[in-house]
Amino acid sequence: MSIGTSHNIYDKLGVKRIVNAASWRTIMGGSLMPPAVIEAMAQAAQSFVDVDDLNARAGETIARLTGAEAGLVTAGSAAGMLLEAAACMAGTDPAKVNRLPDTKGMKNEIIIHRAHRVTYDRSFRGAGATLVEIGNTHSTHEWELEDAITDNTAAVAYVFGPPPGGALPLPMVVEIAHSRDVPVVVDAAAMLPPPENLTRYLDMGADMVSFSGGKGILGPQSTGVLCGRADLIQAAVANGAPNQGVGRVAKVCKEEIVGLVTALEIFVDTDHDAKNAHWSNVSENLADKIDDIPGLTGKYIQAIPELDAFESATARVFVFRDHNYSGPSESEIEALLKDGDPPIYVFSADHSNGIALSPVCLVDGDDDIIVERLKEIMSNAS
Ligand SMILES: *Cc1c(COP(=O)(O)O)cnc(C)c1O
C-alpha cells in the first residue's frame, strides 16, 4: 500500500480516514507528504543537533528558493504572522522581546484592509499588536492608508486568500508604506501553487512573506515558510523558538524543519504543469460521472491563471441540483456526505454556488467513492 492510502494506525486509534475533496486544510490533516519528506524526517530523528544552527541552514535554503535575503521555518503561516508582528514591534531589542505581548514603549499598530480581515489575523494581535482597519470590504482608497499611518504604526499587513478586489494592490501599499518607512508584512498561506507566488510578493517589495508549509508545499502540517528582509528575519528568530520570545509557543522540531526544507526543494522542482493537467483530468472525469446522476449537474471548472485569487489556482468540480429538483439542499447534501463512512469533506457548499469539490487531495479511488455516495443520497431522496 502506498503511504497515501495506508491507514492502519488510524484503524488502531479508531479514527476514520476521510475523503478530502476540500483541499489542504488544517482540520483535515493538512497535506500528504511525499515519501522523500517522511524519509528525511526519519533521518533527522536519529541525531541531536544545535537547533540554532539547523534554523540558520534551513533559512539559507528558504532564502535561495524564495529570492529573499533570509528565511525561517515557522510553525505554520499563522505562527509566521505572529513572528512578523513581533519582529516589526520589538526587533531584536532583548528588553522589548522580553516585554511582548505587552507593547509599552513600542510602535504597536498594524494596519490591515477591512477586506483582508480573516480569522487568522488574531495572530498579529497575539503578539500584542492592535489592528487598525482601513477601507471596506469592497473598496479602499489610497488616502485611507496614508491617513492611517502614524508614529505608532509598526507595519502594514497584507493578506492573500480573501477574494481580491476590496484592497489596494500590494505594489501600491508597498510604495505608500515605504515612503513613510513602514514595513509591509504578507500572509500568503494558501497561495502555493502556483510556484510563481513563492518569489512574487517579495519582488513587489513586501518586507516579509509568510506561507503555510502544510498546504500546497506538501510539507509537515505544522510548518510554514517565513522569508524577507535579513534584519526582520533576525528579529523573528529573536522572538521565536528556541529563544524565549512571544513566539516560543510556536516551536518547530528538528524533524519538521528538515521536512519543510525537503518539501520546499521538491515543490520548486515539481512539474506543476503536469500536476495541473492531472488535477484537470481528475476533475473532468469526476464532473462527467456526477453529471450522469439523475437530479445533479456536474461542471468542470478549469484553473484560471489568476495569481492573486486562491479560489481559482487549481481545477474544481461544481455540483448543481437540477431546476425541478426537490431533494436535499446543498448544505444537506454536504452534511450527508460528511456523515457517511468514509466521511467525504467538500470544498464548500452553498445555495447559489452549488457544491464545490477540489481534486488536489483526492487519492486513487476517491472519485468513485464520491460518485457512489452522491448516487445513494440522490436515490434515497426521490
Ligand atoms: C491556512 C491559512 C492560514 C494559516 O496557515 P497555517 O499554516 O495553518 O498556520 C493563514 N491565513 C490564510 C489566508 C490561510 O488560508
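All figures in this text were calculated on a predicted structure; none of them were measured in a lab. Indexing begins at 1, ligand by ligand and atom by atom, following the structure's order.
Within the structure, salt bridge (Lys or Arg N to Asp or Glu O under 4.0 Å) contacts touching residues 171-193 (residues at least two apart or in different chains) do not occur.
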Give every pair formed by an N or O atom of ligand 1 and a protein N or O atom closer than 3.5 Å, one pair per line with both atom names and the distance to 0.1 Å, or write none.
from	atom 1	to	atom 2	distance (Å)
ligand 1	5 (O)	Ser212	OG	3.0
ligand 1	7 (O)	Ser77	N	2.8
ligand 1	7 (O)	Ser212	OG	2.6
ligand 1	8 (O)	Thr26	OG1	3.3
ligand 1	9 (O)	Ser77	N	3.1
ligand 1	9 (O)	Ala78	N	2.9
ligand 1	11 (N)	Asp187	OD2	2.6
ligand 1	15 (O)	Lys215	NZ	2.9

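Asp102 meets the side-chain hydrogen bond (donor to acceptor under 3.5 Å, both in side chains) test with no other residue; sequence neighbours excluded.
Ring-centre distance between Tyr201 and Phe160: below the 6.0 Å cut-off.
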Please tabulate, one pair per line, all N/O donor-acceptor pairs under 3.5 Å involving side-chain atoms of residues 78-99, not counting sequence neighbours.
from	atom 1	to	atom 2	distance (Å)
Asp93	OD1	Ala95	N	2.9
Asp93	OD1	Lys96	N	3.4
Arg99	NH1	Lys104	O	2.4

Step-by-step salt bridge (Lys or Arg N to Asp or Glu O under 4.0 Å) determination, Lys299 to Asp288: CA-CA 8 Å; Lys299 262 208 170 115; Asp288 281 350; over 6 Å; no
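Under the side chain to side chain contact (heavy atoms under 4.5 Å, CB included) test applied with Val156, the options Val185, Val173, Val174 reduce to a single match, Val173.
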